Amino acid sequence: MDGTTSTDVAVVGAGAAGLYAALVAAAEGAAVALVSRSPLAQTASYWAQGGIAAALADADSPAQHAADTIAAGREAARASAVEVLCKESPERVRDLQKLGVRFDADRAGNLALGLEGGHSQRRIVHAGGAATGRRITRTLSALAATNERIRVLEPVAASALATDGDGRCTGLTVRPREGGPVALSARAVILATGGMAALWQRTTNPRGAVGAGLSLASDAGARLADLEFMQFHPTALRLEGPRDGFLVTEAVRGEGALLYDAQGERFVEELAPRDEVALAIHTELERTGEPAVWLDMRHVRVERFPNIASALADVGLNPARDLLPVAPAAHYTMGGVATDLDGRSTVPGLFAVGESACTGLHGANRLASNSLAECLVFGRRAALAACAEPAPAGGAVTAPDGRTPGAPNEETRAALWRHAGLCRDAQGLAELRDDPYPLARLIGAACLAREESRGAHQRTDFPDTDDALDCMHSLLGSDEEPELKRWL
Ligand SMILES: Cc1cc2nc3c(=O)[nH]c(=O)nc-3n(C[C@H](O)[C@H](O)[C@H](O)COP(=O)(O)OP(=O)(O)OC[C@H]3O[C@@H](n4cnc5c(N)ncnc54)[C@H](O)[C@@H]3O)c2cc1C
């Protein structure tokens, strides 16, 4: 690569959303540049254990999937986005099968559908037990690497977005690990940079999940939405050492695993939606001062979850014999770059998909296994819309001298855990407003603006849900105070 180059569509991020969007755009005939900072194994997509939610069973329907999604989202999910996801997700699962992903099947060859918290039907497709993300990303990345219309730029980081005089996104600056910055012009840029859960001290996510796309987008003038809604997963391993935060998928509770307190008593309905289970565990830990509660999967067929069994074996735990110490950890970013149902941000020519985007789909609490489905459904829609964007009017793009949005320091991560953790209040959140990390300040502002408790956002100073805020989403730009807006 030299100092300037061009493409039709630039996709930033090579998780499930970016890979799938790149393949769809290429199939439409576009020249695609796929920019990825990290190796494949460091994407959240690769780590995904549960599966993809899709109404594929005879007894199921997109309407039932939608009703479960809306109920889990605590009256804050955007109904139009939910409808799109639930209608299109079965077709996207079939697309993946056609592309070569082999999902787990029963003896008769029918897809084996799993149950997870908040779902009223068995509708989760898995691949390789709990290796769904790995199987999908491996297949999609092999296809992207051999597609003649896709130029894979790796390890290369996007460091700034370029905009023209009308505020239209015309490309981006990328920085290879070695060598100088390169200006890449494109008719459309699709951000697929994943979420920001690794901004929190305790997380299930890869360390690179620091919301780079949100920072790039807000620096380019795009609005962000729902930053107050960070989902905490209830059952992340609580250990000293590198396996701390390792996720034990909800699917094991779907297969009968139970949660016990320090006295060996059950204290929560294990298959309730995530916000409820996480809050119940948090309350239990606050009450007892214990570091963890106990997950009992001794009666679950462990061979169905080989990667969990092997991760546990690494730390000397045997799920057939031992109770597992678990506690909540930051897991999934419901907020993100505000987009419409075709991934368009508020900056023309700039799109966002997957966990970096916020269509409002998840409301205040994501339903399990809806995010891989979201990567595929909205990844495809954004790719089609991006291909229809007009070619840039000017010549070569002027590269802004951007710096790759870096990782926060440990003080910021500790501050987010302390002040924007499972329970928040105005006093702690006000401290975040002075944090040196810009995204932490925006998160603090969004959390302060929502003066109620709903789903993943629990304010001890506003413990009730305010019905007047049903369907309201918080929107803010880098220099703006949050605005609450109704999205239908
Ligand atoms: C442990 C775990 C288990 C999960 N299990 C499930 C599940 O079973 N079902 C489900 O639906 N969801 C699950 N999720 C959530 C789901 O995996 C994610 O929401 C989804 O995979 C996000 O995909 P993505 O493509 O948006 O982002 P990612 O997969 O995180 O990919 C982000 C990409 O962006 C790149 N990137 C970031 N910044 C830059 C930059 N500046 N320049 C260039 N590239 C950049 C990264 O290198 C990476 O390639 C799980 C998440 C985790 C962490």
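Read the numbers this way: they start at 1 and go in the same order the structure lists the ligands and their atoms. Source: prediction; values computed, not measured.
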Could you tell me which atoms of ligand 1, counted from 1 in the order shown, lie closer than 4.0 angstrom to a heavy atom of [X]?
X	result
Arg366	10 (C), 11 (O), 12 (N)
Leu247	1 (C), 2 (C), 3 (C)
Ser36	44 (N), 47 (O), 49 (O)
Ala212	38 (N), 41 (N)
Val12	42 (N), 43 (C), 44 (N)
Val35	43 (C), 44 (N)
Tyr332	19 (O)
Trp47	1 (C), 2 (C), 3 (C)

What do you reckon, does [X] put a non-hydrogen atom under 4.0 Å from ligand 1?
X	result
Glu154	no
Glu374	no
Ala14	yes
Thr132	no
Ser369	yes
Val156	yes

Polar atom proximity, [X] to ligand 1 (N or O, under 3.5 Å):
X	value
Ala157	no
Ala48	no
Asn205	no
Cys375	no
Leu216	no

Out of [options], whose heavy atom is nearest to [atom]?
atom	options	result
atom 35 (C) of ligand 1	Gly13, Gly213, Ser371	Gly13
atom 37 (C) of ligand 1	Leu140, Thr193, Thr43	Thr193
atom 46 (C) of ligand 1	Pro155, Gly15, Ser38	Ser38
atom 23 (O) of ligand 1	Gly245, Ser45, Gly354	Ser45

Thinking salt bridges, do [X] and [Y] make one under a 4.0 Å N-O criterion?
X	Y	result
Arg207	Glu410	yes
Arg168	Glu389	yes
Arg123	Asp60	yes
Glu255	Arg304	yes

Check whether the side chains of [X] and [Y] place a donor and an acceptor atom closer than 3.5 Å, and report yes or no.
X	Y	result
Asn307	Ser310	no
Arg151	Thr5	yes
Gln231	Asn365	yes

Between CZ on residue Phe378 and OG on residue Ser371, distance to nearest 0.5 Å: 12.5 Å
Rounded distance [0.5 Å steps], CG in Leu199 versus OG1 in Thr333: 8.0 Å
Between Phe232 and His282, ring centroids under 6.0 Å: no
Region of Ala192 engaging ligand 1 - heavy atom pairs below 4.0 Å: backbone
Under-4.0 Å heavy-atom contact with ligand 1, by part of His331 that carries it: side chain
From CA spacing to verdict: side-chain hydrogen bond (donor to acceptor under 3.5 Å, both in side chains), Asn370, Thr69: CA-CA 8 Å; Asn370 266 355; Thr69 302; 3.1 Å; yes
Thr346 (side chain) donor-acceptor with Ala222 (main chain) under 3.5 angstrom: no
Donor-acceptor under 3.5 Å (His119 side chain, Ala368 main chain): yes
Trace of the side-chain hydrogen bond (donor to acceptor under 3.5 Å, both in side chains) decision for Gln121 with His65: CA-CA 8 Å; Gln121 294 282 342; His65 184 183; over 6 Å; no
Axial cation check for Tyr332 ring with Arg366, 6.0 Å and 45° limits: yes
